Amino acid sequence: MTEFSALEAANTFEELNLAPELLSAVLALGYTVPTPIQKEAIPLVLAGRDLMAQAQTGTGKTAAFALPLLHQIKPHANASTSPARHPVRALVLTPTRELAIQVHESVVAYAKNLPLRSTVVYGGVNMKEQEADLRAGVEVVVATPGRLLDHAGSKTTLLNRVQFLVIDEADRMLDMGFLPDLKRILDLLPAKRQTLLFSATFNDEITRLAKSFLKDPIKVEVARKNSATELVEQVAHKVAEDDKMDALLRIVQMREISQALVFTRTKLSADKLGRRLQRRGVEVAVIHGDKAQVDRILVLEGFKQGKIKLLVATDIAARGLDIVDLPCVFNFELPYSPEDYVHRIGRTGRAGMSGLAVSLVAPAEEKLLAGVERFIDKRLEISPLPTLPAPTHVAAPVKQAETAAVEQPDSAPVAYRRRAQEPVCALFLPPVPPAKPEAPATE
Ligand code: AMP
């Protein structure tokens, strides 16, 4: 494996020698300078090399692979209506539907000045529409592995002319058990192809995978594993489990946080927190593995449009969410895996902007916190919770949906309590079921 040194890396998109149609598309998107991964990866991909790239979501990795691929398949672009003239030439595999949709959106944006066809296929939705696109012929397919195999199995699409394969978020693919599917897909592809593997982390397993799938790959590393942790202000508060939601709302108010992603460990606690926040009048939505695809898309749109203030998510569901300008991430529950902590906080502080990651640590989670600190090689200072300003006037009592003692202490100042009068965004939450005991669950 060769290590790449970016001594001669380009500093502008013009210097990357991309086709003018691609250059004008990225400039129109407002990209002015290539990100580090783009500077390093684009020339190598254009030179035909296989790549093993360590880059997290938010580093601009999608353009790092999509632009040079599109550049290389541009000579095949044609306006023919014959499916035979549009074989699949580039295949991008992603672990989640959300990521597939977002990668495809980027491909469409980058390729908007070229007569190249692309589509996205993922599970959980009807196959018909996807079949029609595939049968008509497409040069670029972005797919989750299972659904792609379904289409390939029914011969809706042929993969024997694929020249470029991208495996995106390879670490997550393995975590989610996609290795057998990946192997089956690789068996359908020509041996002569260019393969690019992107992963946020590289452990022995990924390196083994890379060695078996890639040919003399060049390793590109844009940042150390814990670089996200350096860009983001990290705060930890010790809070009793029952007081976490109050603490969350208080911090949101005191730090004037416009929007935040709030992480829980399980689907069950995500739903529970979503319902509690909804009762408090917060514009909240919940996203996790059990949500229908259509709900996830609606939620993401709602969040992007600012209709949702707090998005409660599990680790798996949050992967691949392309949310730019996310000012804050809450670890409402610390993750079991310290790597997930890094993934979580990497959702804020993107593109050099400052970000804030707040961890609410219950006594039972102190061991998890210690694990995180070891992993990121940094101690997280425990800060006192921000105090609330004294009330300036007296308001009528606020109608409370939950037990006053836990949810809305009488001592809470007016400014805080008034939140309960704001409109409730029930759009994305199921009706509140009758109270029942919580069972432990995992995603
Ligand atoms: P990604 O890591 O591919 O998910 O990209 C993260 C975000 O950065 C996306 O919203 C991209 O549109 C944006 N982006 C990618 N490259 C650049 C660039 N060179 N300049 C500004 N924004 C970019």
Side-chain angles (χ1 to χ4, degrees), residues 6 9-19 22-43 45-46 51 53-71 90 92-112 118 120 140 142 166-173 196-201 220-223 225 227-228 231-232 259 261 300-301 303-306 313 317-327 329 342-355:
N11 286 315
T12 63
F13 275 104
E14 284 80 0
E15 285 172 59
L16 288 169
N17 293 322
L18 291 164
L22 294 169
L23 186 62
S24 56
V26 290
L27 297 180
L29 286 170
Y31 301 3
T32 47
V33 276
T35 64
I37 185 72
Q38 292 162 2
K39 283 183 198 173
E40 296 201 18
I42 293 175
V45 181
L46 291 177
L51 225 62
Q54 178 160 2
Q56 296 179 329
T57 301
T59 53
K61 68 184 166 76
T62 315
F65 62 75
L67 292 172
L69 294 194
L70 292 168
H71 178 96
V92 182
L93 297 175
T94 72
T96 63
R97 299 174 280 196
E98 287 76 15
L99 186 61
I101 292 169
Q102 280 153 23
V103 167
H104 182 243
E105 275 174 5
S106 299
V107 168
V108 169
Y110 302 147
K112 70 169 183 177
S118 68
V120 57
V140 184
V142 184
V166 180
I167 304 173
D168 199 6
E169 300 204 346
D171 49 354
R172 198 44 59 152
M173 290 258 196
L196 316 175
L197 181 140
F198 282 75
S199 193
T201 54
V220 178
E221 215 171 328
V222 285
K225 146 172 93 175
S227 68
L231 298 169
V232 174
Q259 277 194 312
L261 196 54
L300 197 56
E301 280 308 304
F303 195 71
K304 282 184 176 170
Q305 289 164 10
R319 286 289 294 187
L321 286 184
D322 178 27
I323 303 166
V324 193
D325 295 346
L326 183 64
V329 162
V342 176
H343 284 308
R344 287 178 177 189
I345 74 165
R347 311 312 313 261
T348 178
R350 286 180 171 199
M353 284 177 15
S354 63

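Start at 1 and go down the list; that is how both ligands and their atoms are numbered. These figures come from a predicted structure and were not determined experimentally. Residues: numbered from 1 along the sequence shown.
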Enquirer: Does Val33 come within less than 4.0 Å of ligand 1, judged by its heavy atoms?
Expert: yes
Enquirer: His71 versus Leu46: any side-chain heavy-atom pair under 4.5 Å?
Expert: yes
Enquirer: Where the closest heavy atom to atom 5 (O) of ligand 1 is concerned, which of Ala66, Ala63, Gly60 has it?
Expert: Gly60
Enquirer: For atom 18 (C) of ligand 1, which of the options Tyr110, Phe65, Tyr31 provides the nearest non-hydrogen atom?
Expert: Tyr31
Enquirer: Show your working on side chain to side chain contact (heavy atoms under 4.5 Å, CB included) between Val142 and Glu105 and close with a plain yes or no.
Expert: CA-CA 10 Å; Val142 184; Glu105 275 174 5; over 6 Å; no
Enquirer: Against heavy atoms of Phe13, which atoms of ligand 1 measure under 4.0 Å?
Expert: 19 (N)
Enquirer: Assess the residue pair Asp171 and His343 against the criterion (side chain to side chain contact (heavy atoms under 4.5 Å, CB included)); give the C-alpha distance rounded to whole Å, side-chain angles, the decisive distance to 0.1 Å, and a yes or no.
Expert: CA-CA 11 Å; Asp171 49 354; His343 284 308; 4.0 Å; yes
Enquirer: Who are the side-chain contact (heavy atoms from CB on, under 4.5 Å) partners of Ala90, not counting sequence neighbours?
Expert: Leu69, Ile73, Val140, Phe164
Enquirer: Which ligand 1 atoms, with their elements, are less than 4.0 angstrom from a heavy-atom of Thr62?
Expert: 1 (P), 3 (O), 4 (O)
Enquirer: Got a sec, which residues hit side-chain contact (heavy atoms from CB on, under 4.5 Å) with Ala66, two or more places apart in sequence or on another chain?
Expert: Val107, Tyr110
